[in-house]
Structures are given as C-alpha cells and as structure tokens.
Amino acid sequence: VQLQAFGGGLVQAGGSLRLSCAASGRTFVAPVMGWFRQAPGKEREFVATISPTGVITYYSDSVKGRFTVSIDNSENTMYLQMMSPKPEDTAVYYCAAGQQLSRAAAEYTYWGQGTLVTVSS
C-alpha cells in the first residue's frame, strides 16, 4: 500500500484548501482511510476518518463543522476539504490507511508522507 498526500500550502485564515491523498493497493488490505496532523512541538493528532464507501465519517472536535473528508473510490483518492481554517490548524497533515475506523493512530498501518499546511492570520 502506498499513500501520497499533496495539496498543502499557505492559506489565509477563513479561506479554504483541499488536501488529497492518492492511494494504491489499499482496497482489501487497508480499506479505511484517515487524516492526522502534527503541529510543531506537538504530538500527532487525529483529524478525520472515513469508511471504505464513504458513508461513515468521524471528526475531531476541533475540525468538526469546518473540515469535510470524502473518498472517490474510482480514483482511489481521499480528500480533506478545509473550510475557514484557523492559524491553530497549521500542521503537517498525514493520510493513513488501516482496517478499522478509529481515532487512534496505532490502528493505521500505512502512512503517507506529510503535506504542510500553514494558515496565516
């Protein structure tokens, strides 16, 4: 399973940004996908996760109502639409794949390289 996250960059607070995660080989091995982030000097934290069909999603309280996770299985790509980002959303964002919907990073076996999101005030 290979994951590649991209789409990060500099965005103004209140703007919008969409992250993408292209996956290969995950369908049966690691059908669940998720987003995590790690800010400088902080531990990696859960952002969102989505079931293989996209029907079930979970979000952290800090992004709920602002971020939307989605999946396009025809393209084998997961997205994270970030609306009204805040400076505290600044972090390296990682996509991950595993077998169970979970907020715990340990439940995800495969990880992509991170993509940096910087939100300016």
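None of the values given here were measured: they were computed from a predicted structure.
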Determine whether [X] and [Y] make a side-chain contact, defined as any pair of heavy atoms from C-beta on separated by less than 4.5 Å.
X: Thr77; Y: Ile71; result: no
X: Val69; Y: Tyr79; result: no
X: Ser120; Y: Leu10; result: yes
X: Cys21; Y: Gln4; result: no
X: Thr49; Y: Thr57; result: no

[atom2] on [Y] to [atom1] on [X], rounded to 0.5 Å:
X: Tyr58; Y: Arg103; atom1: OH; atom2: CZ; result: 7.0 Å
X: Asn73; Y: Met33; atom1: CG; atom2: CE; result: 9.5 Å
X: Arg66; Y: Ser16; atom1: CZ; atom2: OG; result: 12.5 Å
X: Gln2; Y: Gln113; atom1: CD; atom2: CD; result: 10.5 Å

In terms of heavy-atom contacts, does CD of Gln81 have more than 12 from other residues, nucleotides or ligands at under 6.0 Å?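 Yes, enclosed.
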- request: Taking atom CD of Glu45 as the centre, report whether more than 12 heavy atoms of other residues, nucleotides or ligands fall under 6.0 Å from it.
  value: yes
Backbone of Phe6 reached by a side-chain donor or acceptor of Thr115 within 3.5 Å
no
Between the side chain of Ser51 and the main-chain N/O of Ile56, is any donor-acceptor distance below 3.5 Å?
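Pair found, side chain donor or acceptor close to backbone of Ile56.
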Between [X] and [Y], is there a shared hydrophobic cluster once you connect ILVMFWY residues whose side-chain heavy atoms come closer than 4.5 Å?
X: Trp111; Y: Val92; value: yes
X: Val1; Y: Ile50; value: yes
X: Val47; Y: Leu3; value: yes
X: Tyr110; Y: Val32; value: no
X: Phe46; Y: Val63; value: no

For the residue pair [X] and [Y], what are the closest heavy atoms and their distance?
X: Thr90; Y: Ala39; value: O-CB, 3.6 Å
X: Ala91; Y: Leu116; value: O-CD1, 3.6 Å
X: Leu80; Y: Ala48; value: CD1-CB, 4.4 Å
X: Pro85; Y: Val11; value: CG-CG1, 4.0 Å

Task: From CA spacing to verdict: side chain to side chain contact (heavy atoms under 4.5 Å, CB included), Val119, Gln12 - done: CA-CA 5 Å; Val119 183; Gln12 281 194 324; over 6 Å; no
Would you be so kind as to tabulate the donor-acceptor pairs closer than 3.5 Å made by side chains of residues 93-100, with sequence neighbours excluded?
| unit_1 | atom_1 | unit_2 | atom_2 | d |
| --- | --- | --- | --- | --- |
| Tyr93 | OH | Arg37 | NH1 | 2.9 |
| Tyr93 | OH | Asp89 | O | 2.6 |
| Gln99 | NE2 | Val29 | O | 3.2 |

Self-check item: Trace of the side chain to side chain contact (heavy atoms under 4.5 Å, CB included) decision for Leu19 with Trp35
Solution: CA-CA 10 Å; Leu19 306 183; Trp35 288 100; 3.7 Å; yes
In short, salt bridge (charged side-chain N to carboxylate O under 4.0 Å, His left out) pairs touching residues 53-64 with sequence neighbours left out are Asp61-Lys64
- Sequence neighbours left out, what passes ring-ring contact (aromatic ring centres under 6.0 Å, His included) with Tyr108? Give chain and number order.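 ring-ring contact (aromatic ring centres under 6.0 Å, His included) list for Tyr108, sorted by chain: Phe36.
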